[in-house]
Amino acid sequence: MPTARAIDEPGPLDVRASLIRSALEAITGIRVATVLAWYPDQTADLQLVRRRRFFSGRGRAGTIVDEQPLPRVPVGWWRFGKMLLAGELEAGDEVLVVGLAREFRQWWTSGQAFDPTSEAMHSGRDVFCLPWLSSLARPMVARAARTFYMGREDGTAGITIPMDVPARIVIDGGPAGIALGATADSPALL
């Protein structure tokens, strides 16, 4: 990883580079975080996984600190064609944090458009998170090779669809069994 070069006498290009870097740091973009807490109103407290380095003076290596936690970040779920793919997050889940150029909470909470005179831009509050990110540190032990799997990480309940044709769909409901239909009262057996 390249390190910053030491500058004894900064010139105009160094000043320009510093201004550009400061502006880009204010635009947060998409980041990775872990969930600290989940709330029923579809928000979560998040901790960004990327740390920051703060320089306190010339020639110092800088202090590495964690970013401040992001409180009550709205969680986005996939909606399309009057269908919804949603669940709940748990502490430790990994998510993408998406920063928006302009405020969006009024739209998110009420569906209403914004006052166009607002000048808020790149605020730390104008973020939402998307679930379903997983690092290689959390191996997907429940999923077999060449399958589509949707279910619990530990494999105690899920749906497995092989990618090869002909495919045999396997539904596993764990010890409680599987009930199909609105009025089912007994497990469906394979």
[X] versus [Y], closest heavy-atom pair with distance:
X: Pro131; Y: Val75; result: CD-CG1, 4.2 Å
X: Leu89; Y: Ala44; result: CD1-CB, 4.4 Å
X: Val127; Y: Gly99; result: CG1-CA, 3.7 Å

| With a 4.5 Å limit on heavy-atom distance, are the side chains of Glu94 and Val49 in contact? |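 A side-chain contact is absent here, since even the closest heavy-atom pair is not under 4.5 Å.
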| Is there a side-chain contact between Val32 and Leu96 (heavy atoms, below 4.5 Å)? |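 With C-beta onward as the side chain, the pair touches.
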Under the rule for side chain to side chain donor-acceptor pair (under 3.5 Å), what residues qualify as partners of [X], not counting sequence neighbours?
X: Arg146; answer: Asp164
X: Tyr39; answer: Asp45
X: Trp77; answer: Gln42
X: Glu67; answer: Arg52

| Hphob cluster co-occupancy, Leu48 + Val95, side-chain heavy atoms under 4.5 angstrom |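 Yes, it is one cluster - the side chains of Leu48 and Val95 are joined through contacts under 4.5 Å.
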| query | Linking I/L/V/M/F/W/Y whenever their side-chain heavy atoms sit closer than 4.5 Å, directly or via other members, would Trp38 and Trp78 fall into one cluster? | reply |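 In one cluster with Trp38: Trp78, yes.
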What is the distance from atom [atom1] of [X] to atom [atom2] of [Y], rounded to the nearest 0.5 Å?
X: Cys129; Y: Leu70; atom1: SG; atom2: CG; value: 9.5 Å
X: Thr147; Y: Ile161; atom1: OG1; atom2: CD1; value: 9.5 Å
X: Phe148; Y: Thr160; atom1: CZ; atom2: OG1; value: 9.5 Å

| side chain to side chain contact (heavy atoms under 4.5 Å, CB included) against Pro162, all qualifying residues, sequence neighbours excluded |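 For Pro162, the residues satisfying side chain to side chain contact (heavy atoms under 4.5 Å, CB included) (neighbours in sequence not counted) are Ala167.
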| task | Show the numbers, then the answer: is there a side chain to side chain contact (heavy atoms under 4.5 Å, CB included) between Leu46 and Val35? | result | CA-CA 5 Å; Leu46 306 177; Val35 174; 3.8 Å; yes
| task | Could you list all the side chain to side chain donor-acceptor pair (under 3.5 Å) pairs where at least one residue sits in residues 83-93, not counting sequence neighbours? | result |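 Matches after skipping sequence neighbours: none remain.
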